[in-house]
Participant: 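Okay, handing you the structure first.
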Protein chains: 2
Amino acid sequence: MGRWQPGARERLEQAALDLFLDQGFTETTVPQITARAGLTTRTFFRHFADKREVLFAGEESVPERVARLMAEAPPSLGPMELIAEGLAPAAAEIFEGRSLDYLLRRRAAIDAEPALRERELRKFSLMSEALEQGFRDRGVDDLTARLAAEIAVTTFRIAVARWLDQHGDPDLPATINQTLAAMRHLTSHGGCSPFLTTHDEDHHRRDTGQLHDG
Amino acid sequence: MGRWQPGARERLEQAALDLFLDQGFTETTVPQITARAGLTTRTFFRHFADKREVLFAGEESVPERVARLMAEAPPSLGPMELIAEGLAPAAAEIFEGRSLDYLLRRRAAIDAEPALRERELRKFSLMSEALEQGFRDRGVDDLTARLAAEIAVTTFRIAVARWLDQHGDPDLPATINQTLAAMRHLTSHGGCSPFLTTHDEDHHRRDTGQLHDG
DNA sequence: CAGAGCCATGACACTTCATGTCATCACTAT
DNA sequence: ATAGTGATGACATGAAGTGTCATGGCTCTG
């Protein structure tokens, strides 16, 4: 035995996503996935550490790519400047080569299953750790590095969610910038600035016309 | 059979924490935990949905308590004002009745096991969802509510981590305020200019507070 | 071309997690 | 007392995940 199968991983991922969307994550057994891919159960666990990982393969490299992008950025950039300039390019690289349709199908499967949502949280946590280390390597103090990393990941996560909600209409860089602007607006004017009136805040919101979700 | 056991849940939690710290989460089997507590395996899963939950029982009520605290706060408070004023009291209520020693032991067990760290992320995610709904109920727009919820939870999480790192020395309210101040400093001044004057801060804020689409 | 070695896979056994189901015992209310 | 309620024990079962070895194709080398 042991005949080699072309694209075994890819076929397992495809079969798993199809089945998860069709009958749900819990209702889908690993033997069902491997049967559809023409493989055995044992082979599934050679490619993926557990059943959830089949939807998260290929993202192990994201933290290290994030670290590389940060190391390549101009050292003069402060944390928030780096986030403002680097988030969109980083997102572009992360999603490079994946169709919007695939991303929507994948998200639908993840949203439907708490265990997969949890795994998704871990992905963002790993991104945050990479970012935190990247900021520290740029000379940022520990607390600020941690905060900046969380700000970056949170902005990224919310922007991607909004972008997918809108089926990709305002493109991802634009959605990221809108989200980042709203984040800055909230933290700068959202209750800590006695000098701005409510009218001023309304003015900011009206300028974009894109800040309301539903 | 079926003799009632006083404090079955508590004894299971205690036995599990002891065993997790002693031999690790993976190496500890559910029968080991139940044997130490004088119960059967089946009873364990009647009290906890899965093996991890034994360290997270009693936190199911946190989201609803967060929602209550938000509803009780003065409606005039903006999102950031509410966070600044409400985070410390909320933390006090959440940790009410738990000793620092217990919190440290529990964190040690969680930090040692990826599966438990993941469960911890879900806890914060649930808190964030409750906060988001709370902000919406106060009339905040969807995007701002989501962002404010994430800011609040992130600040809380980082502050608690720092507080435990320091074995509770600066007390939790003080640590929360420090963390919140660092967060504000980062988002307002970019985290790279600690020497800006108040006037410079206002100028910078106005310059970067604009929303740009592309 | 032949043999050696590598690597992915198949096959099988095994442990642990988790759940469904029913019987049993204690406590409680009438 | 008797019935009801609720927690537990006991048993069976399925699915997840791992260890181990055999097998067959592939490449590298002489």
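In what follows, every chain begins at residue 1, and chains take the letters A, B, ... in the order their sequences are listed.
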Participant: Can you confirm if the NZ or CZ of A/Arg9 lies within 45° of the ring axis of A/Phe48 and under 6.0 Å from the centre of its six-membered ring?
Facilitator: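 Verdict for A/Phe48: a cation-pi partner in A/Arg9.
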
Participant: Mind listing the residues from residues 34-56 of chain B sitting with a heavy atom below 4.0 Å of DNA chain C? Number order is fine.
Facilitator: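 Close to the strand are B/Arg42, B/Phe45, B/Arg46, B/Ala49, B/Asp50, B/Lys51.
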
Participant: Give the residues of residues 5-19 of chain B touching DNA chain C, defined as any heavy atom closer than 4.0 Å, sorted by residue number.
Facilitator: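 Within this stretch, nothing sits under 4.0 Å of the strand.
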
Participant: Throw together a table of side-chain donor-acceptor distances under 3.5 angstrom for residues 152-160 of chain A, partners on residues two or more places apart or in other chains.
Facilitator:
| residue | atom | partner | partner atom | Å |
| --- | --- | --- | --- | --- |
| A/Thr154 | OG1 | A/Glu150 | O | 2.8 |
| A/Thr155 | OG1 | A/Ile151 | O | 2.7 |

Participant: Does anything in residues 86-105 of chain B form a salt bridge (Lys or Arg N to Asp or Glu O under 4.0 Å)? List the pairs, not counting sequence neighbours.
Facilitator: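 Output for this query lists B/Asp18-B/Arg105, B/Arg65-B/Glu93, B/Arg68-B/Glu93.
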
Participant: Applying salt bridge (Lys or Arg N to Asp or Glu O under 4.0 Å), name anything that partners A/Asp142, two or more places apart in sequence or on another chain.
Facilitator: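 Per chain and number, A/Asp142 pairs via salt bridge (Lys or Arg N to Asp or Glu O under 4.0 Å) with no residue.
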
Participant: Using a heavy-atom cut-off of under 4.0 Å over every strand shown, decide if A/Thr28 touches base, sugar-phosphate, or nothing.
Facilitator: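 If one applies the 4.0 Å heavy-atom cut-off, A/Thr28 turns out to touch the sugar-phosphate alone, with no base involved.
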
Participant: Report the residues that fulfil salt bridge (Lys or Arg N to Asp or Glu O under 4.0 Å) with B/Arg136, sequence neighbours left out, ordered by chain and then residue number.
Facilitator: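 For B/Arg136, the residues satisfying salt bridge (Lys or Arg N to Asp or Glu O under 4.0 Å) (neighbours in sequence not counted) are B/Glu132.
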
Participant: Under the salt bridge (Lys or Arg N to Asp or Glu O under 4.0 Å) test, which residues partner B/Glu59, sequence neighbours left out?
Facilitator: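 So B/Glu59 forms a salt bridge (Lys or Arg N to Asp or Glu O under 4.0 Å) with B/Arg106, B/Lys123.
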
Participant: Sequence neighbours left out, what passes side-chain hydrogen bond (donor to acceptor under 3.5 Å, both in side chains) with A/Arg138? Give chain and number order.
Facilitator: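 side-chain hydrogen bond (donor to acceptor under 3.5 Å, both in side chains) check on A/Arg138 returns nothing, list empty.
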
Participant: Restricting to pairs with a member in residues 43-55 of chain B, which pass salt bridge (Lys or Arg N to Asp or Glu O under 4.0 Å), not counting sequence neighbours?
Facilitator: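 Qualifying pairs, neighbours excluded: A/Glu118-B/Arg52, B/Asp50-B/Arg52, B/Glu53-B/Arg119.
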
